Amino acid sequence: MILHHGRTRFQAPTELGRLVHPMDGVEGFLPDYRCLLIDLMQVSEDELPKDDPRLFAVLSVMQSVFGSGISRALHDGVRRLAAVLDRPETQNTLSVIMSYVLQSARQLTDQEFLAAIEPLGKSGEDTMSALIEKWKEEGRAEGREEGRIEERRNSILDILATRFESVPETVRQAVGGIADGERLLHLATEAIRCESVEQFVEHLK
């Protein structure tokens, strides 16, 4: 079986015989097995297995990871997994998906990533913490750290504004003055977990 996901549809042969360099007189000795091809680039969203949250999330993310639709696919997959987070196998699936996205989704910004995993809520704190550690260890592309710092500041403020409608100017200035990438990652977690802006302010002290 071939499971393909990429930027374009699968174009290679699915017959073993076509992968062997042709040689006169040996055709009858070559096995000619045919593979079952599942090309995710040719599968519609309606055809994905919605009755299995884990499988749906994995296939949906694989299908979109190289394109601009990854933010929506990740958010939808996380939302489905959040409903079954009490299952140990779901925690593992979630960790694998997030690690894969962080490594492969070049069109996904930090802000979109944080917004996509918001459905996890408090139930996903452990997974979020593990992702942050991985994020800190692996980092992002070299030479773009300054841009990432600004992006993470904006992500924090956007999360707070979405959850609590307004963000005091003092909080905006405090977040804008932080240049420590690791601390900003921690504050992004607190922005998702906190019960109020006032509670978030406590983590700024």
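Note that these values count all heavy atoms, side chains included, but never hydrogens, waters or copies made by symmetry. Model, not experiment: these values are computed from the prediction.
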Within a strict 4.5 Å, meaning less than it, do heavy atoms of the Met41 and Thr8 side chains meet? no
Pairing residues for Asp76 by the salt bridge (Lys or Arg N to Asp or Glu O under 4.0 Å) criterion, not counting sequence neighbours: Arg79, Arg80
Does Arg34 form a side chain to side chain contact (heavy atoms under 4.5 Å, CB included) with Leu16? I'd like the steps, not just the answer. CA-CA 6 Å; Arg34 191 165 81 181; Leu16 179 62; over 6 Å; no
Please list all pairs passing the side chain to side chain donor-acceptor pair (under 3.5 Å) test where one or both residues lie in residues 44-58, with sequence neighbours left out. Ser44-Glu47, Glu45-Arg72, Arg54-Thr93
Side chain to side chain contact (heavy atoms under 4.5 Å, CB included) partners of Ala191, counting only residues at least two apart: Ile156, Ile159, Leu160, Phe200
Among residues at least two apart in sequence or on other chains, which ones pass side chain to side chain contact (heavy atoms under 4.5 Å, CB included) with Glu112? Ser71, Leu108, Thr109
dist Arg152:CZ -> Asp180:CG (nearest 0.5 Å) comes out at 10.0 Å
What residue pairs, at least two apart or across chains, pass salt bridge (charged side-chain N to carboxylate O under 4.0 Å, His left out) with a residue in residues 86-102? none
Same cluster (ILVMFWY, side-chain, under 4.5 Å), Ile38 and Val58: yes
List the atom of Ala82, the atom of Pro119, and the distance in Å for their closest heavy-atom pair. CB-O, 3.6 Å
Side-chain touch Gln173/Glu169, heavy atoms, less than 4.5 angstrom: yes
Regarding Gln111 and Asp158, do their side chains bring together a donor and an acceptor under 3.5 Å, going by distance alone? yes
With distance as the sole criterion, is a donor-acceptor pair present between the side chains of Gln63 and His5 under 3.5 Å? no
Residues which pass ring-ring contact (aromatic ring centres under 6.0 Å, His included) with Phe10, listed by chain and number, not counting sequence neighbours: His4
What I'd like to find out is whether the side chain of Phe113 reaches to under 4.5 Å of the side chain of Met98, using heavy atoms alone. yes
Close side-chain approach of Gln199 and Arg193, heavy atoms under 4.5 Å: no
